[in-house]
Amino acid sequence: MKKLIIAMVTILFVVSFATPSIGVSTSLKMETSVVVTVDKPINTDNIEPEIATDKGIKVPVITKKLSDKKILVTPLFNMKDISVNWKGPGKLVSWEPYKGEVFIDSEANFKKITTLSNKFFVDSGPPVYYALESTREEPLDSQPQKETDYTDTNTQVLGVDEGDIVKTDGKTIFYATEHAVYLVNANPTNPKVLSKISWAEHMDEIRDIYIDGNKLIFLGIEFANNNTVIKVFNVADRFSPKDERTILQSGFYSSSRKIGDNLYIISNKSLYEDFELYYKDTVKDSKIHELDYGAIRILPGGLSNDISVIGSFNVNDKSAMNASAILGSSNEIYMSESNIYLSYTPIHFYYTFPNDLGTAKEDELIRDVSGILPNVEQLPEDEFGFYTPQTTYIRKFSADKGNIAFLSEAEISGTLINQFSMDEYNGNFRVAYETFDVGKGVKSSAISIFDKDMKNIGNLKNIAPSENMHSIRFIGDRAYMVTFKNVDPFFVLDLKNPKEPKMLGYLKIPGFSDYLHPLDDNHIIGFGYDTKEYYGNTFATGIKIAVFDVNDVSNPKVKNQIILGDKGSYASILEDHKALMYDKEKNIFAFPAILTKVKEGGKPNEYGDISFQGALVFSVNNKEGVKELGRISHVEKGTESAPDEAYFIDRIIRIVNTYYTLSEKQVRANSTSDFSLQGKYQLQQ
């Protein structure tokens, strides 16, 4: 089999460069990589050019010898609007922009990157062991049902699946805990475990699973070697899954997506002196395959101490995996049906702690490098005393049937809140972010729109000054945003003209929404917290579900809302959208939650005692809004105030006329009509 190939396409940089004559020290632009031609042959591959700013500050670069007199030079810091001078080796003949890709290429370059990155940045193998347990005692139970009469994972993009801890095909429920995957028969009167795939203890934990026909795929982490581990099992025989494939991918598992047969896995790997980048795919062979420095792409000005690895493979054939690697970690991930977008927000030590980093020589270097960075001396503090990163890079990759290629990069002055900050629509890329005005010391929100080449074409800035963005949802020609400081502004934003985005209207109510979900074209469901004022301070209290009516875009309204529990209540949907079961056809949604109750006479800022943990089920429509239908709990009655957390429900799904709820210790089946218990199975004692 061929070695892993990093498939990337050429990116064109359009920059004006002067081409000086021999020996003339002319101010030059270095916003991207350049090809330097000198007047005499270079006798070494380890080239140390002298390039300095007009102030005499040496510019950190990596190099590649192209020929006896030509050198490819790539700056490690952002050189926008900064002029430089060439001082050697040799006299300068020409200085031209490089229009191709740049890779680390050599150990010397790698050492330069690691030496600098480990000073300036915060850190943003072995065989896989498992055990199979089967409960084959009788034929597989089944119930008459339509092929699609069940709820799927709540995903961001239609047609792009996301990994979760629970998946189903309507007949079997696949449930992942940290160390095992259970295959549960979806029979309401007998929901028993058919088989169990368990990790050995040292294999740490499972993060996500997928199901594709008779293929069960799960993704986990091996902490000791910081690897992402992917397992593929054939589960045609639900009582006896067959191990078909193991893949190791360097780096800590970040996220994944699946389109059709192709699974895409994103991991982050930190740079250290003993750094190794490798992969293993048992479809190819049982060996560990190392990737050399020529497999890692670097963008001009892209110094980082992390690498993003994007692996992909077809779950239903035996072709070996593909991968792309690029310097810079992946913070948030968005995927459309054809492209992958990775956000990267570098955080620099020297901005925040310029006097606390090692020797005087190192401190001098830090000050020098700080001096060549435009318009930034120190990261601004927010009201809590935390420093706010000011730049986020969005890297765009094409994803065509498992083939990955780097396309282009965009830059914004701010940070994203989650994956819903990004969206692709009609060929354009849209991003919502928090930004910070250093001069005014004020945080606000913004939306920027980029074309297919990631060129900025439209902006809407200064949304809700002094407030934090809590949620954002792009839906067609609109975006809906919630910010918060003391009240909950719900904004309706018009993006129909991508070159001139504008605000249509807003509504202010107590509380805030951390997740927004579309009900229909003119109604949005918000999930968040209610708030109360107490002695001049604002406190989050119970969980709030609100239905926003945007028929009149200039005057949005709340159709109705429900408040659940008191201070200390929590629902995982507020941090993980996949915890939501949404049944559009039946106008039903549900999610697990912990509800608290403050003792009579308690104050708004007091935490309540746990009064309920389980799944909450609601009806919702655009006429009546939201209404609670029922509750399901695995916690034994009378123990709510001090429950066994292993009975806390992780997920709820619907199959035909049954709600199935899953916790670490139990599976329950309840009727959708009256919530009566139909059957249960003990996963653990």
Side-chain angles (χ1 to χ4, degrees), residues 2-11 13 32-33 45-47 60-66 72-77 98 100-118 120-121 123-125 225-228 248-254 264-281 288-312 320-331 333 340 342-344 346 393-399 403-409:
K2 293 182 178 179
K3 289 187 175 181
L4 182 63
I5 298 174
I6 304 298
M8 295 181 177
V9 300
T10 299
I11 179 171
F13 298 95
T32 184
S33 301
D45 291 330
N46 186 14
I47 306 164
V61 298
I62 60 171
T63 61
K64 180 180 180 180
K65 184 177 177 180
L66 301 178
L72 175 61
V73 182
T74 300
L76 294 178
F77 289 92
Y98 180 67
E101 299 178 290
V102 179
F103 297 88
I104 292 178
D105 284 316
S106 70
E107 184 177 1
N109 284 338
F110 179 76
K111 287 183 176 180
K112 289 180 188 177
I113 291 169
T114 54
T115 298
L116 287 171
S117 67
N118 287 330
F120 298 152
F121 288 88
D123 279 336
S124 64
N225 293 299
N226 197 17
N227 283 328
T228 295
L248 296 185
Q249 178 172 308
S250 281
F252 195 85
Y253 176 64
S254 177
Y264 301 85
I265 309 101
I266 297 93
S267 60
N268 291 322
K269 178 77 173 178
S270 294
L271 283 175
Y272 297 102
E273 292 296 338
D274 59 350
F275 170 84
E276 289 181 328
L277 189 66
Y278 55 84
Y279 73 100
K280 170 186 173 181
D281 186 350
I288 297 291
H289 297 268
E290 292 189 13
L291 299 176
D292 60 24
Y293 303 120
I296 308 170
R297 195 186 200 284
I298 177 172
L299 298 179
L303 180 68
S304 173
N305 66 341
D306 291 291
I307 286 177
S308 295
V309 182
I310 310 174
S312 68
M321 70 175 295
N322 299 311
S324 286
I326 188 168
L327 200 65
S329 63
S330 301
N331 303 128
I333 291 95
I340 301 173
L342 307 181
S343 78
Y344 165 51
Y393 301 92
I394 313 290
R395 282 87 180 269
K396 179 180 180 180
F397 297 79
S398 67
N403 297 312
I404 303 164
F406 175 79
L407 296 179
S408 53
E409 180 187 59

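In this text, all values refer to a predicted model and were calculated from it rather than measured experimentally. Any value given below was found using the heavy atoms of this structure, including those in side chains, with hydrogens, waters and symmetry copies removed.
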Within the structure provided, determine whether F406 and S324 are in side-chain contact (heavy-atom separation under 4.5 Å). no
Nearest non-hydrogen partners of K269 and S250, listed with the distance: CD-CB, 4.4 Å
Test side chain to side chain contact (heavy atoms under 4.5 Å, CB included) on S106 and D45; report intermediate values, then the result. CA-CA 9 Å; S106 70; D45 291 330; over 6 Å; no
Locate the shortest heavy-atom distance separating P300 from T32; write the atom from each residue and the value. CG-OG1, 3.3 Å
Tell me the closest heavy-atom pair linking N46 and A108, and the distance in Å. OD1-CB, 3.5 Å
Mind listing the closest non-hydrogen atom pair of I113 and S304 along with its distance? CG2-O, 3.8 Å
Measure the spacing between CZ of F397 and CG of N403 and express it to the nearest 0.5 Å. 14.0 Å
Among S267, S329, S330, exactly one meets side chain to side chain donor-acceptor pair (under 3.5 Å) together with S308. Which residue is that? S330
Indicate yes or no for a side-chain donor-acceptor contact from Q249 to the backbone of I265 under 3.5 Å, with no hydrogens or angles considered. yes
Within this structure, what is the CG-CG distance for the pair L327 and L299, rounded to the nearest 0.5 Å? 8.5 Å
When you look at NZ of K64, are more than 12 heavy atoms from neighbouring residues, nucleotides or ligands closer to it than 6.0 Å? no
Would you please test L72 and D105 for side chain to side chain contact (heavy atoms under 4.5 Å, CB included) and show each step? CA-CA 11 Å; L72 175 61; D105 284 316; 5.6 Å; no
So, for F77 and P60, which heavy atoms are closest and what is the spacing to 0.1 Å? CE1-CG, 3.6 Å
Taking all heavy atoms of G294 and all of F103, pick out the closest pair and write down the distance. O-CD2, 3.3 Å
Distance, nearest 0.5 Å, that separates CG of L66 from OG1 of T63: 9.5 Å
Find the distance between CE (M321) and CD1 (I310) and round it off to the nearest 0.5 Å. 11.0 Å
S33 side chain vs T74 backbone, donor-acceptor pair below 3.5 Å: no
Any side-chain heavy-atom pair from Y293 and N109 closer than 4.5 angstrom? no
Working to the nearest 0.5 Å, report the span between OG of S254 and CD1 of I266. 6.5 Å
Rounded distance [0.5 Å steps], CZ in R297 versus CD1 in I326: 6.0 Å
Verdict with supporting geometry, F110 and I296, side chain to side chain contact (heavy atoms under 4.5 Å, CB included): CA-CA 10 Å; F110 179 76; I296 308 170; 5.5 Å; no
Do the non-hydrogen side-chain atoms of V309 and T228 ever get within less than 4.5 Å of each other? no
Please tell me if the side chains of I298 and L76 come closer than 4.5 Å, counting only heavy atoms from C-beta onward. yes
